[in-house]
Structures are given as structure tokens and as C-alpha cells.
Undergrad: 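The following block contains the structure, expressed as C-alpha cells.
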There are 2 protein chains.
Amino acid sequence: MKVNKELLKGSTVILVLSLLNREPMYGYKMIKEIEKKSNGVFMFKEGTLYPILHSLEADGMIESYWLGNEGSRQRKYYRITNKGSNCLKERELEWVTFRSAVDKILTGEAYAWL
Amino acid sequence: MKVNKELLKGSTVILVLSLLNREPMYGYKMIKEIEKKSNGVFMFKEGTLYPILHSLEADGMIESYWLGNEGSRQRKYYRITNKGSNCLKERELEWVTFRSAVDKILTGEAYAWL
DNA sequence: ATCTATGCATCGTATACCTATGTATTATTG
DNA sequence: CAATAATACATAGGTATACGATGCATAGAT
């Protein structure tokens, strides 16, 4: 993790949902994808990701199914649900709001939108 | 708090240091300033801010001094130290790194800088 | 044959923000 | 003038969450 790990808190769910919103994927692949797409900034640990996936599934945000290409290893794929898709939209808005608020304070700018 | 409070984690220190980097300030004022500058997105609680201030002071990032304008109420002002100023620079870089990494994943873009 | 990478999973721990609470002063308002 | 709200500092305890460590198993590389 290149950045303060505390920064990551609160962003994990949106990152996972965003990945699954593009295509169904299995856990291990997500870890690699997030690392790749973030240029190594985020390196999710199994102990971080799997509990999130289980929790998102319990909340009906994602669904899982086992898949194995003829005789090969079984992988547990996840796909996003409608509920999860809606949740993602809210979270994206939330992220933009959060990001501008931090930027505003860091730049010393007040009362300006985006 | 308009956004998921978990998002805030890891950003509190940079917000406090950034405020104090402009001018010395006392705790209660910081809470109001952060709320105002973030357009109400961040509403720090006393239970959040004061422990952070004490911790930053213990780490030598900020210094405190009591000040009361002729007979008025005493306020505990904090000013940033050189160490704190350097820390802020690192944290700002970290924030930009984090922000672009999240944005990259949300937009699905890979291998692009800023 | 051994080591590395893949792939899923869980438990305990540390961190850190919030809630609740306490105390005291100053300003406002009926 | 009394009551209330705002100001101002502080801390204890609860809770959420990511991480470290660990375990198990298969597949590929050397």
C-alpha cells in the first residue's frame, strides 16, 4: 500500500462494486485488477477483500456462483445486482462530494463548487 | 456528516494540518472552519478533534499556547511546526496519489497518470 | 521435487472516529 | 434577571474496519 492505509477505509466497497459493475470477477482476480488499475497504490489483502465480498453478498449487493472451465480449478465468481448497482451510484456521488470537500480545504478555497 | 464517515478516516490529520498551515487556530474554531470550508460535508466532533490535536502535539507536529484577549476567555491556540509542515507536504502528495488511484478505478481507466 | 503463484477462507489485533458525558464561561433572549 | 444556547476544552468507552497471520488446496515453473 503506497498510501496511508487509513485513507483506504470507506473506499473499499466502492472499488469492489466498481470492478464488478464492469464484469463478473472472482476474488483473487479483483485483488490483482485493483493493484494493476491503481498502479500498485492499492494492494488488497485476502483478509480485507473476502470479508467485504461476503458482507456485500449478505446485503444483496452482489451474487456469487462457482465456475470452472472444463476440469480446471473452480473459482467463485461475483456479479453485481441491481441493488448493488444503485448503491454504487450513490457511493460515486459520495466520493465526488468527499473529494471536492478535501480539495477545498487543502487549497484553502471556500464556498466554491467543484 | 454528508458522506460515509469511514471515508473521512485517514484524512483528518491532513485537514487539521492544512488549516494550521494557514494560521494558528484553537480547536473549536477549527471545527467551525472545517465545516464552513467543506460546505457542511465535514462536521468534526470534539471527541474526534481534540484527541487528534493532543496526538499531533505529542508527535511534535503542532505546538499549543493559551491566549486570551484582555480579560476574555482563554483559548488554546495551536500552530504548526516545521516537522508538521513537512508532514503536511508528504500527506498532500499521498492524498493526490490516493485520489487519482480511486478515480482511475472508478473510471475504469488503467495506466494513465492523473 | 520443490518452490512460487493461484485461490478461498477466518481469527485476532490495532487503529481511529464517534457517542456520550462532564465542566465552565459567555452571549442571547424572553 | 433567569433560562437557554453557543462557546470551549477534555476524556472514557464503544464500534467499525483493514491488516497480519495462518491454514488449506491446486497448478505451474524450475
Side-chain angles (χ1 to χ4, degrees), chain A residues 1-16 24-36 38 41-59 62 64-78 91 98 101-102, chain B residues 1-17 24-36 38 41-59 61-62 64-78 91 98 101-102:
Chain A
M1 197 72 55
K2 280 183 185 171
V3 299
N4 182 341
K5 67 184 178 185
E6 290 303 321
L7 271 176
L8 183 61
K9 290 192 180 181
S11 315
T12 51
V13 168
I14 195 179
L15 295 178
V16 169
M25 211 177 286
Y26 55 95
Y28 193 83
K29 185 79 180 297
M30 288 183 220
I31 292 175
K32 301 302 169 190
E33 278 296 302
I34 287 175
E35 182 176 348
K36 187 173 126 187
S38 72
V41 174
F42 300 134
M43 293 165 72
F44 275 39
K45 313 298 178 196
E46 288 95 332
T48 301
L49 181 65
Y50 289 117
I52 290 174
L53 291 174
H54 300 158
S55 156
L56 282 175
E57 186 172 27
D59 290 343
I62 60 178
S64 69
Y65 52 97
W66 287 92
L67 205 70
N69 303 2
E70 56 261 25
S72 75
R73 158 178 302 191
Q74 291 291 304
R75 287 160 174 162
K76 196 174 184 179
Y77 279 78
Y78 290 90
R91 296 277 190 149
F98 170 76
V102 172
Chain B
M1 197 72 54
K2 279 183 185 170
V3 299
N4 182 340
K5 65 184 179 184
E6 290 303 321
L7 271 176
L8 184 62
K9 291 192 180 181
S11 316
T12 52
V13 168
I14 194 177
L15 295 178
V16 169
L17 287 180
M25 209 177 288
Y26 55 95
Y28 193 84
K29 185 77 180 299
M30 286 185 222
I31 292 175
K32 301 301 169 189
E33 279 295 303
I34 287 175
E35 182 175 348
K36 189 173 123 189
S38 71
V41 174
F42 299 133
M43 296 164 69
F44 274 39
K45 314 297 179 197
E46 287 96 332
T48 301
L49 181 65
Y50 289 117
I52 289 174
L53 290 174
H54 300 158
S55 155
L56 282 174
E57 186 173 26
D59 288 345
M61 302 292 186
I62 60 180
S64 68
Y65 51 98
W66 288 91
L67 205 70
N69 302 1
E70 55 262 26
S72 76
R73 159 178 298 188
Q74 292 290 305
R75 286 160 174 161
K76 196 173 184 181
Y77 280 79
Y78 290 90
R91 296 276 191 149
F98 170 75
V102 172

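Side chains included, hydrogens not; waters and symmetry mates left out as well; all remaining heavy atoms used. So that the names make sense, note that chain A is the first sequence line, chain B the second, and so on, each numbered from 1.
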Undergrad: Of the options D/dC19, D/dC9, C/dC18, whose atoms approach the side-chain atoms of A/T48 most closely?
TA: D/dC19
Undergrad: Where does the angle between the aromatic ring planes of B/Y77 and B/Y65 fall among parallel (under 30°), tilted (30 to 60°) and perpendicular (over 60°)?
TA: parallel
Undergrad: Residues in side-chain contact (heavy atoms from CB on, under 4.5 Å) with B/E35, at least two apart?
TA: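 Counting only residues at least two positions away or on another chain, B/E35 forms a side-chain contact (heavy atoms from CB on, under 4.5 Å) with B/M43.
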Undergrad: Identify the pairs formed between an N or O of the protein and an N or O of nucleotides 21-26 of chain D at a distance under 3.5 Å, and give each distance.
TA:
{"from": "D/dT26", "atom 1": "O2", "to": "A/R73", "atom 2": "NH2", "distance (Å)": "2.3"}

Undergrad: Round to the nearest Å and state the distance from B/M25 atom CE to D/dA8 atom P.
TA: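 To the nearest whole Å, that distance equals 12 Å.
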Undergrad: Calculate the interatomic distance between B/L56 atom CG and D/dA10 atom P; express it in whole Å.
TA: 14 Å
Undergrad: Whole angstroms only, please: what is the CD-P distance between B/E35 and D/dT7?
TA: 10 Å
Undergrad: Once side-chain contact (heavy atoms from CB on, under 4.5 Å) is applied, do any residues pair with A/Y28, and if so which ones, sequence neighbours excluded?
TA: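 Counting only residues at least two positions away or on another chain, A/Y28 forms a side-chain contact (heavy atoms from CB on, under 4.5 Å) with A/Y26, A/K32, A/Y50.
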Undergrad: With respect to the phosphate group of D/dA8, does any side-chain polar atom (N or O) of B/K32 fall under 4.0 Å of OP1 or OP2?
TA: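 The answer is no; no side-chain N or O of B/K32 sits under 4.0 Å from OP1 or OP2.
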Undergrad: How close or far is atom C1' of D/dT7 from atom CZ of B/R75, stated in whole angstroms?
TA: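 About 8 Å, once rounded to whole Å.
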Undergrad: Which nucleotide wins on minimum distance to the side chain of B/I52, given the candidates D/dC9, C/dC8, C/dC17?
TA: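 For B/I52, the side-chain atoms sit closest to C/dC17.
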Undergrad: Go through the steps to decide whether B/S11 and B/F42 satisfy the test side chain to side chain contact (heavy atoms under 4.5 Å, CB included), and finish with yes or no.
TA: CA-CA 11 Å; B/S11 316; B/F42 299 133; 5.9 Å; no
Undergrad: Between C/dT19, C/dT10, D/dA10, which nucleotide has the shortest distance from any of its atoms to the side chain of B/K45?
TA: C/dT19
Undergrad: For A/Y77 and C/dC8, give me the distance from atom OH to atom C1', rounded to whole Å.
TA: 14 Å
Undergrad: Side-chain N or O of B/H54 versus OP1/OP2 of D/dC9: is the shortest distance under 4.0 Å?
TA: no
Undergrad: Take the protein atom CE of A/M43 and the nucleotide atom P of D/dA18, then report the distance between them rounded to whole Å.
TA: 17 Å
Undergrad: Taking side-chain contact (heavy atoms from CB on, under 4.5 Å) as the definition, give me every residue that meets it alongside B/I31, ordered by chain and number, with sequence neighbours left out.
TA: B/F44, B/E46, B/L49
Undergrad: Nearest whole angstrom, please: distance from the P of C/dA24 to the OH of B/Y26.
TA: 21 Å
Undergrad: Any side-chain N or O of B/Y50 under 4.0 Å from OP1/OP2 of D/dA10?
TA: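 Checking B/Y50 against D/dA10: no side-chain N or O falls below 4.0 Å of OP1 or OP2.
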Undergrad: Is the phosphate of D/dA10, meaning OP1 or OP2, less than 4.0 Å from a side-chain N or O of B/K76?
TA: yes
Undergrad: Please state whether the phosphate of C/dC8, meaning OP1 or OP2, lies under 4.0 angstrom from any side-chain nitrogen or oxygen of A/Y28.
TA: no
Undergrad: Report yes if a side-chain nitrogen or oxygen of B/T12 is closer than 4.0 Å to either non-bridging phosphate oxygen (OP1 or OP2) of C/dA16; otherwise report no.
TA: no
Undergrad: Kindly write out the residues that satisfy side-chain hydrogen bond (donor to acceptor under 3.5 Å, both in side chains) with A/S64, not counting sequence neighbours, or none if the list is empty.
TA: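 Partners of A/S64 under the side-chain hydrogen bond (donor to acceptor under 3.5 Å, both in side chains) test: A/E57.
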Undergrad: Kindly indicate whether the side chain of B/L17, heavy atoms from C-beta on, has any atom under 4.5 Å from the side chain of B/I62.
TA: yes
Undergrad: Rounding to an integer number of Å, can you tell me how far A/L53 CG sits from C/dT10 C1'?
TA: 14 Å
